[in-house]
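This one's a predicted model, so the numbers in the text were calculated from it and none came from an experiment. Only heavy atoms go into these numbers, but all of them, side chains included; no hydrogens, no water, no symmetry mates. Letters go in sequence order (proteins before strands), and every chain restarts at 1.
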Amino acid sequence: MMKDNNVIQVENLSKLFGDFAAVNQISFQVKAGEIFGFLGANGAGKTTAMKMLIGISSPTSGKATVAGFDVYKETESIKKNIGYMSQKFALYDDLTVKENITFFGGIYGLSKKQIDQKRCELVEELGLQEVTKSLVASLPLGWKQKLAFSVSLLHEPKIVFLDEPTGGVDPITRRQFWEMIYKAAHNGTTIFVTTHYMDEAEYCDRVSIMVNGKIEALDTPKKLKEHYKTDTMNHVFLKLARG
Amino acid sequence: MGITISNISKSYGEITALSDISFDVKPGELFGLIGPDGAGKTTLFRILTTLLIADHGQATVAGYDVLNDYKSIRNSVGYMPGRFSLYQDLTVEENLNFFATIFGTTIEENYDLVKDIYVQIEPFKNRRAGKLSGGMKQKLALSCALIHKPKVLFLDEPTTGVDPVSRKEFWEMLKRLQKKGITILVSTPYMDEAALCDRIALIQDGNILEIDTPNAIVSHFPKPLYNISAHNMYNLIESLTNYEHTYSIFPFGEFVHYTDKRHPIDKASLKTYLEFQGLTDIKIEKTQPTIEDTFMELAK
(Lines give C-alpha, C1' and ligand atoms only; values in the text may rest on other atoms or scores of the structure.)
Protein backbone atom coordinates (compact mmCIF):
# COMPACT_ATOMS: atom_id res chain seq x y z
CA MET A 1 0.00 0.00 0.00
CA MET A 2 0.99 3.59 -0.47
CA LYS A 3 2.47 5.32 2.50
CA ASP A 4 1.48 8.87 3.42
CA ASN A 5 -0.13 9.52 0.11
CA ASN A 6 3.18 9.12 -1.75
CA VAL A 7 2.65 7.84 -5.27
CA ILE A 8 6.34 7.54 -5.96
CA GLN A 9 8.62 6.25 -3.23
CA VAL A 10 12.33 5.85 -4.01
CA GLU A 11 15.02 4.69 -1.58
CA ASN A 12 18.72 4.41 -2.42
CA LEU A 13 17.95 3.47 -5.98
CA SER A 14 21.00 2.74 -8.15
CA LYS A 15 21.73 1.59 -11.66
CA LEU A 16 25.21 0.52 -12.65
CA PHE A 17 26.53 -0.03 -16.17
CA GLY A 18 29.74 -1.95 -15.50
CA ASP A 19 31.64 0.19 -12.99
CA PHE A 20 29.74 3.33 -13.93
CA ALA A 21 26.93 4.42 -11.61
CA ALA A 22 24.48 6.16 -13.95
CA VAL A 23 22.11 6.52 -10.99
CA ASN A 24 23.81 6.55 -7.61
CA GLN A 25 21.67 5.90 -4.54
CA ILE A 26 18.88 8.39 -5.13
CA SER A 27 16.02 8.79 -2.65
CA PHE A 28 12.87 10.90 -2.92
CA GLN A 29 9.09 10.82 -2.66
CA VAL A 30 6.42 12.35 -4.85
CA LYS A 31 3.00 13.11 -3.38
CA ALA A 32 -0.34 12.52 -5.08
CA GLY A 33 -1.35 15.47 -7.25
CA GLU A 34 2.08 17.04 -7.11
CA ILE A 35 3.92 18.55 -10.08
CA PHE A 36 7.43 17.22 -9.62
CA GLY A 37 10.26 18.61 -11.78
CA PHE A 38 13.11 16.19 -12.40
CA LEU A 39 16.03 18.29 -13.61
CA GLY A 40 19.65 17.69 -14.48
CA ALA A 41 22.27 18.27 -17.15
CA ASN A 42 22.48 15.97 -20.19
CA GLY A 43 24.08 12.74 -18.99
CA ALA A 44 23.28 13.33 -15.30
CA GLY A 45 21.21 10.15 -15.16
CA LYS A 46 17.65 11.46 -15.52
CA THR A 47 16.62 9.16 -18.35
CA THR A 48 18.12 6.10 -16.65
CA ALA A 49 16.25 6.93 -13.43
CA MET A 50 13.03 7.52 -15.30
CA LYS A 51 13.32 4.20 -17.17
CA MET A 52 13.50 2.39 -13.84
CA LEU A 53 10.44 4.21 -12.54
CA ILE A 54 8.31 3.41 -15.58
CA GLY A 55 9.22 -0.25 -15.36
CA ILE A 56 11.36 -0.72 -18.47
CA SER A 57 14.75 -1.01 -16.78
CA SER A 58 15.55 -3.05 -13.70
CA PRO A 59 17.52 -1.29 -10.93
CA THR A 60 20.87 -2.65 -9.73
CA SER A 61 20.00 -1.97 -6.10
CA GLY A 62 17.70 0.01 -3.85
CA LYS A 63 13.92 0.14 -3.50
CA ALA A 64 11.18 1.97 -5.34
CA THR A 65 7.43 1.83 -5.76
CA VAL A 66 5.37 3.68 -8.34
CA ALA A 67 1.60 3.95 -7.83
CA GLY A 68 2.13 1.39 -5.05
CA PHE A 69 3.81 -1.17 -7.31
CA ASP A 70 7.33 -2.52 -6.99
CA VAL A 71 9.79 -1.57 -9.76
CA TYR A 72 11.40 -5.02 -9.72
CA LYS A 73 8.41 -7.34 -9.62
CA GLU A 74 5.32 -5.43 -10.68
CA THR A 75 6.46 -3.61 -13.80
CA GLU A 76 3.38 -4.63 -15.80
CA SER A 77 1.09 -3.12 -13.15
CA ILE A 78 3.20 0.05 -13.19
CA LYS A 79 2.81 0.37 -16.95
CA LYS A 80 -0.97 0.08 -16.67
CA ASN A 81 -1.16 2.78 -14.02
CA ILE A 82 1.04 5.44 -15.55
CA GLY A 83 1.00 7.65 -18.60
CA TYR A 84 4.16 8.47 -20.53
CA MET A 85 5.12 10.92 -23.22
CA SER A 86 8.45 12.18 -24.49
CA GLN A 87 9.49 14.51 -27.22
CA LYS A 88 11.11 11.71 -29.12
CA PHE A 89 8.29 9.23 -28.91
CA ALA A 90 4.70 10.21 -28.43
CA LEU A 91 2.36 9.40 -31.31
CA TYR A 92 2.54 7.53 -34.59
CA ASP A 93 3.18 10.05 -37.37
CA ASP A 94 1.69 7.83 -40.06
CA LEU A 95 -1.61 7.27 -38.26
CA THR A 96 -4.36 9.90 -38.20
CA VAL A 97 -5.39 11.76 -35.05
CA LYS A 98 -8.39 9.45 -34.67
CA GLU A 99 -6.37 6.30 -35.28
CA ASN A 100 -3.76 7.31 -32.71
CA ILE A 101 -6.41 7.86 -30.05
CA THR A 102 -8.10 4.54 -30.88
CA PHE A 103 -4.79 2.71 -30.93
CA PHE A 104 -3.56 4.00 -27.59
CA GLY A 105 -7.00 3.56 -26.01
CA GLY A 106 -6.90 -0.07 -27.16
CA ILE A 107 -3.37 -0.58 -25.82
CA TYR A 108 -4.52 0.65 -22.44
CA GLY A 109 -7.46 -1.75 -22.49
CA LEU A 110 -10.32 0.73 -22.84
CA SER A 111 -13.58 -0.53 -24.36
CA LYS A 112 -14.71 0.74 -27.75
CA LYS A 113 -17.41 2.77 -26.04
CA GLN A 114 -14.94 4.35 -23.63
CA ILE A 115 -12.57 5.13 -26.49
CA ASP A 116 -15.33 6.80 -28.53
CA GLN A 117 -16.37 8.89 -25.58
CA LYS A 118 -12.81 9.90 -24.67
CA ARG A 119 -12.06 10.72 -28.27
CA CYS A 120 -15.02 13.07 -28.55
CA GLU A 121 -14.08 14.85 -25.32
CA LEU A 122 -10.46 15.17 -26.31
CA VAL A 123 -11.07 16.38 -29.86
CA GLU A 124 -13.52 18.95 -28.53
CA GLU A 125 -11.22 20.17 -25.77
CA LEU A 126 -8.20 20.57 -28.05
CA GLY A 127 -10.23 21.99 -30.92
CA LEU A 128 -9.07 19.26 -33.32
CA GLN A 129 -12.46 18.74 -35.07
CA GLU A 130 -11.07 19.72 -38.48
CA VAL A 131 -8.08 17.41 -38.37
CA THR A 132 -9.29 14.11 -36.90
CA LYS A 133 -8.67 12.42 -40.26
CA SER A 134 -5.29 14.09 -40.84
CA LEU A 135 -2.04 12.24 -40.33
CA VAL A 136 -0.33 13.27 -37.11
CA ALA A 137 2.80 14.00 -39.19
CA SER A 138 0.98 16.96 -40.76
CA LEU A 139 0.18 18.69 -37.45
CA PRO A 140 2.29 21.53 -36.04
CA LEU A 141 4.62 20.35 -33.27
CA GLY A 142 2.70 22.19 -30.56
CA TRP A 143 -0.58 20.47 -31.49
CA LYS A 144 1.15 17.11 -31.57
CA GLN A 145 2.54 17.61 -28.10
CA LYS A 146 -0.80 18.69 -26.67
CA LEU A 147 -2.47 15.70 -28.31
CA ALA A 148 0.25 13.37 -27.05
CA PHE A 149 -0.25 14.63 -23.52
CA SER A 150 -4.01 14.07 -23.73
CA VAL A 151 -3.43 10.58 -25.13
CA SER A 152 -1.10 9.78 -22.22
CA LEU A 153 -4.03 10.58 -19.91
CA LEU A 154 -6.61 8.46 -21.80
CA HIS A 155 -6.65 5.64 -19.26
CA GLU A 156 -6.78 8.10 -16.35
CA PRO A 157 -3.41 7.12 -14.90
CA LYS A 158 -2.42 8.09 -11.36
CA ILE A 159 0.90 9.45 -12.59
CA VAL A 160 2.07 10.79 -15.90
CA PHE A 161 5.76 10.92 -16.84
CA LEU A 162 6.70 13.71 -19.23
CA ASP A 163 10.19 13.61 -20.70
CA GLU A 164 11.06 17.05 -22.14
CA PRO A 165 7.54 17.52 -23.45
CA THR A 166 8.01 21.09 -24.67
CA GLY A 167 11.39 21.11 -26.45
CA GLY A 168 11.26 23.35 -29.53
CA VAL A 169 7.60 24.25 -29.00
CA ASP A 170 6.67 27.93 -29.53
CA PRO A 171 6.33 30.06 -26.39
CA ILE A 172 2.56 30.44 -26.54
CA THR A 173 1.87 26.74 -27.06
CA ARG A 174 4.44 25.90 -24.40
CA ARG A 175 2.33 27.87 -21.93
CA GLN A 176 -0.92 26.29 -23.11
CA PHE A 177 0.78 22.96 -22.55
CA TRP A 178 1.59 23.96 -18.98
CA GLU A 179 -1.99 25.05 -18.42
CA MET A 180 -2.98 21.50 -19.38
CA ILE A 181 -0.46 20.17 -16.86
CA TYR A 182 -1.88 22.41 -14.13
CA LYS A 183 -5.37 21.23 -14.96
CA ALA A 184 -4.39 17.55 -14.83
CA ALA A 185 -2.64 18.11 -11.48
CA HIS A 186 -5.66 20.04 -10.23
CA ASN A 187 -7.76 16.96 -11.08
CA GLY A 188 -5.45 14.79 -8.98
CA THR A 189 -3.02 13.36 -11.52
CA THR A 190 0.59 13.37 -10.34
CA ILE A 191 2.98 14.93 -12.84
CA PHE A 192 6.62 13.87 -13.13
CA VAL A 193 8.32 16.10 -15.67
CA THR A 194 11.80 16.79 -17.07
CA THR A 195 12.66 20.00 -18.89
CA HIS A 196 15.56 22.16 -19.99
CA TYR A 197 13.48 25.34 -19.72
CA MET A 198 14.27 26.78 -16.32
CA ASP A 199 11.16 28.98 -16.29
CA GLU A 200 9.19 25.73 -16.44
CA ALA A 201 11.06 24.49 -13.38
CA GLU A 202 9.39 27.39 -11.55
CA TYR A 203 5.96 25.96 -12.42
CA CYS A 204 6.68 22.81 -10.43
CA ASP A 205 5.61 22.29 -6.81
CA ARG A 206 8.98 20.72 -6.07
CA VAL A 207 12.11 20.24 -8.10
CA SER A 208 15.03 17.84 -7.85
CA ILE A 209 18.35 18.49 -9.54
CA MET A 210 20.51 15.54 -10.53
CA VAL A 211 24.28 15.89 -10.91
CA ASN A 212 26.47 12.93 -11.90
CA GLY A 213 23.93 10.31 -10.90
CA LYS A 214 23.01 11.85 -7.54
CA ILE A 215 20.21 14.15 -6.43
CA GLU A 216 22.08 17.23 -5.24
CA ALA A 217 19.05 19.38 -4.39
CA LEU A 218 15.36 18.81 -3.80
CA ASP A 219 12.88 21.42 -2.63
CA THR A 220 10.31 23.95 -3.77
CA PRO A 221 11.65 26.42 -6.36
CA LYS A 222 11.21 29.20 -3.80
CA LYS A 223 13.32 27.50 -1.13
CA LEU A 224 15.99 26.47 -3.64
CA LYS A 225 16.33 30.07 -4.78
CA GLU A 226 16.56 31.26 -1.17
CA HIS A 227 19.13 28.63 -0.32
CA TYR A 228 21.35 29.45 -3.28
CA LYS A 229 20.75 33.18 -2.81
CA THR A 230 19.51 33.92 -6.30
CA ASP A 231 16.26 34.92 -7.93
CA THR A 232 16.04 32.49 -10.83
CA MET A 233 16.07 28.71 -11.14
CA ASN A 234 18.51 29.13 -14.00
CA HIS A 235 21.17 30.36 -11.55
CA VAL A 236 20.35 27.59 -9.09
CA PHE A 237 20.84 25.09 -11.91
CA LEU A 238 24.08 26.65 -13.14
CA LYS A 239 25.54 26.77 -9.61
CA LEU A 240 24.74 23.14 -8.93
CA ALA A 241 25.35 21.53 -12.27
CA ARG A 242 28.62 23.28 -12.91
CA GLY A 243 30.01 21.99 -9.63
CA MET B 1 30.96 39.82 -46.73
CA GLY B 2 27.95 39.06 -44.58
CA ILE B 3 24.60 37.83 -45.81
CA THR B 4 21.94 39.62 -47.86
CA ILE B 5 18.44 38.25 -48.26
CA SER B 6 15.94 39.96 -50.59
CA ASN B 7 12.31 38.90 -50.95
CA ILE B 8 12.95 35.19 -50.51
CA SER B 9 9.89 32.93 -50.72
CA LYS B 10 9.63 29.17 -50.64
CA SER B 11 6.61 26.87 -50.64
CA TYR B 12 6.28 23.11 -50.39
CA GLY B 13 3.09 22.35 -52.28
CA GLU B 14 0.41 24.32 -50.51
CA ILE B 15 2.51 25.06 -47.45
CA THR B 16 4.32 28.37 -47.44
CA ALA B 17 7.57 27.91 -45.56
CA LEU B 18 8.97 31.41 -46.22
CA SER B 19 6.95 34.38 -47.32
CA ASP B 20 8.86 37.30 -48.88
CA ILE B 21 11.69 37.46 -46.36
CA SER B 22 14.30 40.24 -46.51
CA PHE B 23 17.12 41.13 -44.14
CA ASP B 24 20.90 41.54 -44.02
CA VAL B 25 23.50 40.16 -41.68
CA LYS B 26 26.51 42.44 -41.38
CA PRO B 27 30.05 41.09 -41.67
CA GLY B 28 31.25 39.88 -38.28
CA GLU B 29 27.79 39.99 -36.78
CA LEU B 30 26.31 37.36 -34.48
CA PHE B 31 22.75 37.26 -35.76
CA GLY B 32 19.97 35.22 -34.22
CA LEU B 33 16.97 33.74 -36.00
CA ILE B 34 14.48 33.24 -33.21
CA GLY B 35 11.34 31.21 -33.66
CA PRO B 36 9.59 27.95 -32.87
CA ASP B 37 9.62 24.68 -34.82
CA GLY B 38 7.96 25.10 -38.19
CA ALA B 39 8.68 28.84 -38.43
CA GLY B 40 10.82 28.41 -41.57
CA LYS B 41 14.27 28.68 -40.00
CA THR B 42 15.66 25.47 -41.51
CA THR B 43 14.28 26.29 -44.96
CA LEU B 44 16.12 29.62 -44.88
CA PHE B 45 19.34 27.91 -43.76
CA ARG B 46 19.07 25.41 -46.60
CA ILE B 47 18.54 28.18 -49.15
CA LEU B 48 21.51 30.18 -47.86
CA THR B 49 23.78 27.13 -47.83
CA THR B 50 22.72 26.34 -51.46
CA LEU B 51 21.04 23.05 -50.58
CA LEU B 52 17.61 24.31 -51.64
CA ILE B 53 16.50 26.76 -54.32
CA ALA B 54 14.07 29.54 -53.42
CA ASP B 55 10.89 30.06 -55.47
CA HIS B 56 11.46 33.81 -55.57
CA GLY B 57 14.00 36.36 -54.41
CA GLN B 58 17.77 36.69 -54.22
CA ALA B 59 20.36 36.06 -51.57
CA THR B 60 24.11 36.40 -51.23
CA VAL B 61 26.47 34.87 -48.71
CA ALA B 62 30.00 36.21 -48.26
CA GLY B 63 29.46 38.22 -51.43
CA TYR B 64 28.45 35.22 -53.54
CA ASP B 65 25.05 34.64 -55.14
CA VAL B 66 23.28 31.52 -53.86
CA LEU B 67 22.35 30.40 -57.39
CA ASN B 68 25.24 31.42 -59.61
CA ASP B 69 28.12 31.07 -57.18
CA TYR B 70 26.97 28.06 -55.20
CA LYS B 71 30.36 26.36 -55.42
CA SER B 72 32.12 29.39 -53.92
CA ILE B 73 29.56 29.52 -51.13
CA ARG B 74 30.07 25.88 -50.28
CA ASN B 75 33.78 26.58 -49.91
CA SER B 76 33.30 29.59 -47.67
CA VAL B 77 30.60 28.57 -45.24
CA GLY B 78 30.34 26.16 -42.35
CA TYR B 79 26.95 24.56 -41.72
CA MET B 80 25.83 22.72 -38.63
CA PRO B 81 22.38 21.28 -39.39
CA GLY B 82 19.83 20.74 -36.65
CA ARG B 83 19.95 17.00 -37.02
CA PHE B 84 23.28 15.35 -36.15
CA SER B 85 24.76 14.74 -39.58
CA LEU B 86 28.25 13.39 -39.01
CA TYR B 87 29.29 9.84 -39.78
CA GLN B 88 28.20 7.79 -36.78
CA ASP B 89 30.53 4.91 -37.60
CA LEU B 90 33.64 7.06 -37.97
CA THR B 91 35.55 8.06 -34.86
CA VAL B 92 35.73 11.62 -33.59
CA GLU B 93 39.14 12.13 -35.17
CA GLU B 94 38.18 10.41 -38.43
CA ASN B 95 35.17 12.69 -38.82
CA LEU B 96 37.22 15.83 -38.32
CA ASN B 97 39.92 14.56 -40.62
CA PHE B 98 37.34 13.67 -43.26
CA PHE B 99 35.83 17.16 -43.29
CA ALA B 100 39.27 18.78 -43.36
CA THR B 101 40.30 16.62 -46.33
CA ILE B 102 37.09 17.31 -48.28
CA PHE B 103 37.85 21.01 -48.08
CA GLY B 104 41.48 20.49 -49.08
CA THR B 105 42.98 21.36 -45.72
CA THR B 106 44.30 19.56 -42.66
CA ILE B 107 43.43 19.53 -38.97
CA GLU B 108 46.89 20.97 -38.19
CA GLU B 109 46.45 23.93 -40.52
CA ASN B 110 43.33 25.26 -38.81
CA TYR B 111 43.74 23.70 -35.40
CA ASP B 112 43.83 27.15 -33.79
CA LEU B 113 40.25 27.83 -34.74
CA VAL B 114 38.78 24.60 -33.36
CA LYS B 115 41.23 24.11 -30.49
CA ASP B 116 38.99 25.61 -27.80
CA ILE B 117 36.17 23.27 -28.65
CA TYR B 118 38.07 20.24 -29.86
CA VAL B 119 40.24 19.84 -26.73
CA GLN B 120 37.06 19.05 -24.82
CA ILE B 121 36.37 16.00 -26.98
CA GLU B 122 39.95 15.06 -27.83
CA PRO B 123 40.15 12.57 -24.93
CA PHE B 124 37.47 10.63 -26.83
CA LYS B 125 39.03 10.99 -30.27
CA ASN B 126 39.00 7.24 -30.89
CA ARG B 127 35.34 6.85 -29.96
CA ARG B 128 32.79 6.46 -32.76
CA ALA B 129 30.66 9.55 -33.23
CA GLY B 130 27.46 7.51 -32.78
CA LYS B 131 28.55 6.65 -29.24
CA LEU B 132 29.03 10.23 -28.06
CA SER B 133 26.71 12.04 -25.64
CA GLY B 134 24.53 14.87 -26.94
CA GLY B 135 26.86 17.61 -25.71
CA MET B 136 29.92 15.95 -27.23
CA LYS B 137 28.20 15.38 -30.58
CA GLN B 138 27.38 19.05 -30.65
CA LYS B 139 31.02 20.00 -30.04
CA LEU B 140 32.25 17.62 -32.72
CA ALA B 141 29.69 18.96 -35.21
CA LEU B 142 30.85 22.51 -34.53
CA SER B 143 34.50 21.49 -34.94
CA CYS B 144 33.71 19.86 -38.28
CA ALA B 145 31.80 22.95 -39.45
CA LEU B 146 34.83 25.12 -38.59
CA ILE B 147 37.78 23.04 -39.74
CA HIS B 148 38.02 24.70 -43.19
CA LYS B 149 38.02 28.20 -41.65
CA PRO B 150 34.68 29.42 -43.04
CA LYS B 151 33.84 33.10 -43.45
CA VAL B 152 30.23 32.54 -42.49
CA LEU B 153 28.95 30.00 -40.02
CA PHE B 154 25.36 28.66 -40.10
CA LEU B 155 24.13 26.97 -36.95
CA ASP B 156 20.62 25.53 -37.07
CA GLU B 157 19.30 25.05 -33.54
CA PRO B 158 22.65 24.00 -32.09
CA THR B 159 21.32 24.03 -28.52
CA THR B 160 17.92 22.36 -28.85
CA GLY B 161 17.55 19.68 -26.19
CA VAL B 162 20.80 20.75 -24.55
CA ASP B 163 20.86 21.50 -20.81
CA PRO B 164 21.35 25.08 -19.52
CA VAL B 165 25.00 24.55 -18.53
CA SER B 166 26.07 23.22 -21.92
CA ARG B 167 23.98 25.91 -23.63
CA LYS B 168 25.84 28.62 -21.74
CA GLU B 169 29.22 27.10 -22.66
CA PHE B 170 28.16 26.84 -26.28
CA TRP B 171 27.27 30.53 -26.44
CA GLU B 172 30.60 31.45 -24.85
CA MET B 173 32.26 29.51 -27.70
CA LEU B 174 30.22 31.42 -30.29
CA LYS B 175 31.30 34.75 -28.80
CA ARG B 176 34.95 33.70 -29.11
CA LEU B 177 34.45 32.65 -32.75
CA GLN B 178 32.84 35.98 -33.49
CA LYS B 179 35.95 37.75 -32.17
CA LYS B 180 37.94 35.85 -34.80
CA GLY B 181 35.94 37.62 -37.50
CA ILE B 182 33.48 34.90 -38.44
CA THR B 183 29.95 36.01 -39.35
CA ILE B 184 27.46 33.81 -37.53
CA LEU B 185 23.79 33.13 -38.28
CA VAL B 186 22.30 31.00 -35.52
CA SER B 187 18.74 29.85 -34.96
CA THR B 188 17.19 28.88 -31.66
CA PRO B 189 13.80 28.27 -30.07
CA TYR B 190 15.19 29.48 -26.71
CA MET B 191 14.23 33.12 -26.26
CA ASP B 192 16.78 33.69 -23.49
CA GLU B 193 19.56 33.04 -26.00
CA ALA B 194 18.29 35.89 -28.16
CA ALA B 195 19.68 38.41 -25.68
CA LEU B 196 23.20 37.15 -26.49
CA CYS B 197 23.02 38.10 -30.19
CA ASP B 198 23.99 41.46 -31.73
CA ARG B 199 20.71 41.53 -33.64
CA ILE B 200 17.82 39.14 -33.94
CA ALA B 201 14.96 38.41 -36.30
CA LEU B 202 11.79 37.02 -34.77
CA ILE B 203 10.26 34.55 -37.21
CA GLN B 204 6.95 32.69 -37.18
CA ASP B 205 4.94 30.92 -39.92
CA GLY B 206 7.42 32.02 -42.59
CA ASN B 207 7.17 35.72 -41.75
CA ILE B 208 9.64 37.99 -40.01
CA LEU B 209 7.83 39.63 -37.10
CA GLU B 210 10.60 42.07 -36.23
CA ILE B 211 14.33 42.67 -36.69
CA ASP B 212 16.41 44.71 -34.27
CA THR B 213 18.86 44.55 -31.39
CA PRO B 214 17.54 42.57 -28.41
CA ASN B 215 17.27 45.77 -26.33
CA ALA B 216 15.35 47.65 -28.98
CA ILE B 217 12.94 44.75 -29.50
CA VAL B 218 12.15 44.62 -25.81
CA SER B 219 11.64 48.40 -25.68
CA HIS B 220 8.92 48.10 -28.35
CA PHE B 221 6.65 46.15 -26.02
CA PRO B 222 3.40 48.11 -26.22
CA LYS B 223 1.94 47.96 -22.72
CA PRO B 224 2.95 48.15 -19.06
CA LEU B 225 3.66 44.61 -17.91
CA TYR B 226 2.89 43.21 -14.44
CA ASN B 227 4.11 40.23 -12.45
CA ILE B 228 1.24 38.67 -10.55
CA SER B 229 1.58 35.85 -8.07
CA ALA B 230 -0.78 34.12 -5.66
CA HIS B 231 -0.86 30.97 -3.57
CA ASN B 232 -2.43 28.84 -6.30
CA MET B 233 -1.11 29.21 -9.85
CA TYR B 234 -3.87 27.19 -11.51
CA ASN B 235 -6.63 29.29 -9.94
CA LEU B 236 -4.73 32.48 -10.69
CA ILE B 237 -4.48 31.63 -14.40
CA GLU B 238 -8.15 30.63 -14.56
CA SER B 239 -9.26 33.78 -12.74
CA LEU B 240 -7.20 36.14 -14.89
CA THR B 241 -8.28 34.40 -18.09
CA ASN B 242 -11.89 35.14 -17.16
CA TYR B 243 -11.26 38.74 -16.02
CA GLU B 244 -13.00 41.28 -18.24
CA HIS B 245 -10.04 43.72 -18.32
CA THR B 246 -7.36 41.18 -19.21
CA TYR B 247 -5.46 42.00 -22.40
CA SER B 248 -2.90 39.19 -22.17
CA ILE B 249 -1.85 36.66 -19.57
CA PHE B 250 1.04 34.22 -19.76
CA PRO B 251 2.61 32.07 -17.04
CA PHE B 252 6.23 33.14 -16.52
CA GLY B 253 8.14 31.11 -13.96
CA GLU B 254 6.77 31.79 -10.51
CA PHE B 255 4.65 34.69 -11.83
CA VAL B 256 1.99 35.36 -14.37
CA HIS B 257 2.84 38.13 -16.84
CA TYR B 258 -0.23 40.30 -17.18
CA THR B 259 -1.27 43.27 -19.30
CA ASP B 260 -4.50 45.17 -18.84
CA LYS B 261 -6.89 46.61 -21.45
CA ARG B 262 -7.26 49.77 -19.39
CA HIS B 263 -4.76 52.56 -19.21
CA PRO B 264 -3.78 53.09 -16.50
CA ILE B 265 -4.40 49.77 -14.77
CA ASP B 266 -6.63 49.74 -11.67
CA LYS B 267 -4.52 47.59 -9.35
CA ALA B 268 -6.90 47.85 -6.40
CA SER B 269 -9.91 46.55 -8.30
CA LEU B 270 -7.83 43.77 -9.88
CA LYS B 271 -6.69 42.70 -6.43
CA THR B 272 -10.25 42.78 -5.08
CA TYR B 273 -11.40 40.69 -8.03
CA LEU B 274 -8.68 38.08 -7.36
CA GLU B 275 -9.49 37.99 -3.65
CA PHE B 276 -13.13 37.48 -4.56
CA GLN B 277 -12.01 34.42 -6.59
CA GLY B 278 -10.62 32.93 -3.38
CA LEU B 279 -6.96 33.73 -4.01
CA THR B 280 -4.57 34.75 -1.23
CA ASP B 281 -0.96 36.06 -1.03
CA ILE B 282 -1.68 38.21 -4.07
CA LYS B 283 1.20 40.32 -5.35
CA ILE B 284 0.96 42.69 -8.32
CA GLU B 285 4.18 44.41 -9.38
CA LYS B 286 5.37 46.13 -12.51
CA THR B 287 8.10 44.26 -14.40
CA GLN B 288 10.33 44.56 -17.48
CA PRO B 289 9.26 42.70 -20.62
CA THR B 290 11.57 40.03 -22.06
CA ILE B 291 12.15 38.95 -25.67
CA GLU B 292 9.68 36.15 -25.04
CA ASP B 293 6.96 38.62 -23.99
CA THR B 294 7.57 40.61 -27.15
CA PHE B 295 7.53 37.49 -29.28
CA MET B 296 4.21 36.34 -27.83
CA GLU B 297 2.70 39.79 -28.25
CA LEU B 298 3.76 39.91 -31.90
CA ALA B 299 2.73 36.32 -32.58
CA LYS B 300 -0.73 36.67 -31.08
>> Between B:D163 and A:N42 (side chain of the first, backbone of the second, donor and acceptor by atom type, cut-off under 3.5 Å), is there such a pair?
In response: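 Here the side-chain-to-backbone pair exists.
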> Within the side chain of A:Y203, is there an N or O that forms a donor-acceptor pair under 3.5 Å with the backbone of B:P251?
Replying inline: yes
Please name the pair of heavy atoms, one in [X] and one in [Y], separated by the smallest distance, quoted to 0.1 Å.
X: A:D231; Y: B:E254; value: O-OE2, 4.3 Å
X: B:P164; Y: A:N234; value: CB-OD1, 3.8 Å
X: A:H196; Y: B:Y190; value: CB-OH, 4.0 Å

> With chain B, which of A:K225, A:K222, A:K183 has the greatest number of heavy-atom pairs at distances under 4.5 Å?
Replying inline: A:K183
>> Tell me whether the NZ or CZ atom of A:R175 lies within the 45° cone about the ring axis of B:F252 and under 6.0 Å from its centre.
In response: yes
>> Walk me through whether B:E292 and A:R174 qualify under side chain to side chain contact (heavy atoms under 4.5 Å, CB included).
In response: CA-CA 12 Å; B:E292 195 156 6; A:R174 203 152 71 77; 2.7 Å; yes
> With a 4.5 angstrom heavy-atom cut-off, which part of B:M296 approaches chain A: side chain, backbone, both or neither?
Replying inline: both
> Side chain, backbone, both or neither: which part of B:F295 has an atom under 4.5 Å from a heavy atom of chain A?
Replying inline: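 Side chain only.
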> Where on A:P171 is there a heavy atom nearer than 4.5 Å to chain B: the side chain, the backbone, both, or neither?
Replying inline: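 A:P171 touches chain B through backbone and side-chain heavy atoms alike.
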>> Taking side chain as everything from C-beta outward and backbone as N, CA, C, O, which of these in A:I172 sits under 4.5 Å from a heavy atom of chain B? Side chain, backbone, both or neither.
In response: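 Both backbone and side chain of A:I172 come within 4.5 Å of chain B.
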